[in-house]
Amino acid sequence: MASSTPKVVVTGACGQIGSELVPELRKRYGKENVMATDIKEPPPELREDGPFEWLDVTSLEEVGRLLKKYKADIIYHLAAILSAKGEQNPNLAWKVNMIGTYNILEAARELGLNQVFIPSSIAVFGPETPKIMTPQETILLPKTIYGITKVAGELLGEYYVRRFGLDVRGCRYPGIISYRTPPGGGTTDYAVAIFHEAIKYKRYICFLKEDTALPMMYMPDCLKAAIQLMEADRSRLKHHTNFNVAAMSFSPGELAAEIKKHIPEFEIVYEPDERQSIAETWPRSIDDSAAREEWGWQPDYDLPRMVEDMIKNLKPQF
Ligand code: NAD
Ligand code: SER
């Protein structure tokens, strides 16, 4: 390591996960040691609390220049196009997710960075994958461009581990639920939008069917997973870039019933759109025993705890 406190760069830092991971990393490593980057205007907190630079991950030259200038040791690579947005623009999803990920790995290898975190997703699975308690090692035949780029990203990361000894780590996040920054265009976004509409209008039109269960995770667990995996003892890891991680699984109907316990007047109607066909290719629940064994993964939030916390934090905003 270049110094005792590592220098960290986060790509896609203005997104749903980055906007909360950056403050968490700044608490840990010091504000000046965590550089947030994106192609989007940052929220004031990100810019005012520490360094921010514009960075388009599709340019290898720009990525290399920034990592070098900042003398980065660790990179959290969050820039991506998610599932629903990817289906609207597959070309963009390929460029950002594939070329962007290659650029990050290649620049990290060339500059000798210590560690790279690249999140994967439940989108790596497909209709042929076992849907209940999906195993760590299983069939990966995704049907979305997003899923295809995520499988390739896992494999490319693993290649850099084996071929070049680069310390690349990643987990397959389920749908992430949070109240600070809206999600960026995924199939699981309904599980965030439902809270806003329930509090504002007591009514939500859901784009998935009532019984479409998917794996989900609350933001504090998402941040904990990233940091815990990155701080895990490398010698204990048998997997590197593709850990299954789980926290809770529920359908829109089950989530609506839990919200009704807090907002009894709440009503939900179901008008499935094209995102339904994506959700139907994904698992209903995940076996995360490899993550538990290799780096001690354990979530803190289940469905009732998450719903209570979301409503408590969102209510004052409206
Ligand atoms: P998001 O869509 O909220 O944010 C992505 C960010 O990337 C945005 O701020 C966007 O401006 C930025 N970006 C897009 N193109 C870029 C480019 N060319 N260069 C630099 N930045 C660019 O996504 P998120 O939810 O924060 O996801 C972060 C990571 O976690 C992604 O890899 C995603 O696949 C993964 N993930 C997220 C979820 C989830 O539910 N949020 C679930 C599984 C995996
Ligand atoms: N939440 C993400 C999506 O729906 C899963 O990676 O695209």
Side-chain angles (χ1 to χ4, degrees), residues 1-82 85 92-120 149-150 152-154 156-157 159-161 163-170 181 184 223 226-227 229-231 240-241:
M1 215 170 263
S3 61
S4 52
T5 305
K7 290 252 188 194
V8 182
V9 167
V10 181
T11 72
C14 303
Q16 186 191 8
I17 297 178
S19 59
E20 300 210 36
L21 183 61
V22 167
E24 201 56 41
L25 293 171
R26 283 181 176 161
K27 264 191 241 155
R28 246 179 151 70
Y29 298 117
K31 290 177 178 183
E32 66 290 354
N33 292 317
V34 180
M35 162 73 75
T37 72
D38 206 304
I39 53 167
K40 194 160 96 179
E41 184 64 30
E45 320 81 79
L46 272 198
R47 200 193 260 289
E48 286 156 19
D49 258 24
F52 175 88
E53 290 227 16
W54 303 97
L55 177 65
D56 181 345
V57 296
T58 63
S59 163
L60 178 56
E61 206 187 327
E62 271 189 47
V63 171
R65 196 180 321 121
L66 184 121
L67 294 180
K68 209 166 171 180
K69 176 178 152 196
Y70 196 60
K71 297 189 172 66
D73 301 299
I74 299 176
I75 183 155
Y76 284 79
H77 173 46
L78 306 180
I81 304 296
L82 275 70
K85 204 170 157 191
L92 178 69
W94 182 263
K95 277 193 194 136
V96 177
N97 299 3
M98 281 318 312
I99 298 171
T101 297
Y102 171 78
N103 289 347
I104 294 296
L105 288 167
E106 197 42 26
R109 178 194 70 77
E110 217 176 289
L111 297 169
L113 260 69
N114 291 324
Q115 278 195 309
V116 182
F117 178 76
I118 306 177
S120 186
T149 63
K150 284 291 167 188
E154 286 184 359
L156 193 62
Y159 178 77
Y160 273 73
V161 173
R163 177 81 168 76
F164 303 116
L166 187 64
D167 187 355
V168 190
R169 304 183 187 193
T181 305
L223 305 181
I227 292 168
L229 172 55
M230 287 293 269
E231 292 184 349
H240 304 96
T241 58

Pairwise distance CG(L66) to CG(D56) - rounded to 0.5 angstrom: 12.0 Å
Derivation and outcome, salt bridge (charged side-chain N to carboxylate O under 4.0 Å, His left out), residues K150 and E154: CA-CA 6 Å; K150 284 291 167 188; E154 286 184 359; over 6 Å; no
Side chain to side chain donor-acceptor pair (under 3.5 Å) partners of T37, counting only residues at least two apart: none
Rounded distance (nearest 0.5 Å) linking atom CG of L21 with atom CG of L25: 4.0 Å
A107: side chain to side chain contact (heavy atoms under 4.5 Å, CB included) partners, not counting sequence neighbours: L60, V63, L67
Closest non-hydrogen atom pair, M230 against I75: CE-O, 4.4 Å
Y160: partners by ring-ring contact (aromatic ring centres under 6.0 Å, His included), with sequence neighbours left out: F164
Under 3.5 Å donor-acceptor, N114 side chain and I74 backbone: no
Salt bridge flag under 4.0 Å for residues E53 and K69: yes
Nearest non-hydrogen partners of T11 and L78, listed with the distance: OG1-N, 2.9 Å
CG-CZ distance between L229 and F117, expressed to the nearest 0.5 angstrom: 6.0 Å
Minimal non-hydrogen separation, P6 against D73, with atom names: CA-OD2, 3.3 Å
Donor-acceptor contact below 3.5 Å, side chain N97 vs main chain T149: no
Residues E62 and R65 bridged, charged N to O under 4.0 Å: no
Nearest non-hydrogen partners of V8 and Y76, listed with the distance: CG1-CD1, 3.7 Å
Pairwise side-chain contact, L46 with P23, heavy-atom cut-off 4.5 Å (strictly under): yes
Within residues 45-66 or reaching into it, pairs that qualify as ring-ring contact (aromatic ring centres under 6.0 Å, His included) - sequence neighbours excluded: F52-W54
Flag, side chain of R109 to backbone of I104, donor-acceptor distance under 3.5 Å: no
Value rounded to 0.5 Å, distance of OG in S19 from CD in E24: 12.0 Å
Contacts of type side chain to side chain donor-acceptor pair (under 3.5 Å), residue E231, not counting sequence neighbours: R28, Y29
Nearest heavy-atom neighbours spanning P51 and K31: CD-O, 3.3 Å
Partners meeting side chain to side chain donor-acceptor pair (under 3.5 Å) with D167 (sequence neighbours left out): Q115, R169
Flag, side chain of N103 to backbone of V57, donor-acceptor distance under 3.5 Å: yes
L113 CG to K68 NZ distance, which is reported to the nearest 0.5 Å: 12.5 Å
Check against side chain to side chain contact (heavy atoms under 4.5 Å, CB included), V22 and V34: CA-CA 7 Å; V22 167; V34 180; 4.3 Å; yes
Value rounded to 0.5 Å, distance of CG in L156 from OG1 in T241: 9.5 Å
Least distance between heavy atoms, L111 atom then G64 atom: CD1-O, 3.7 Å
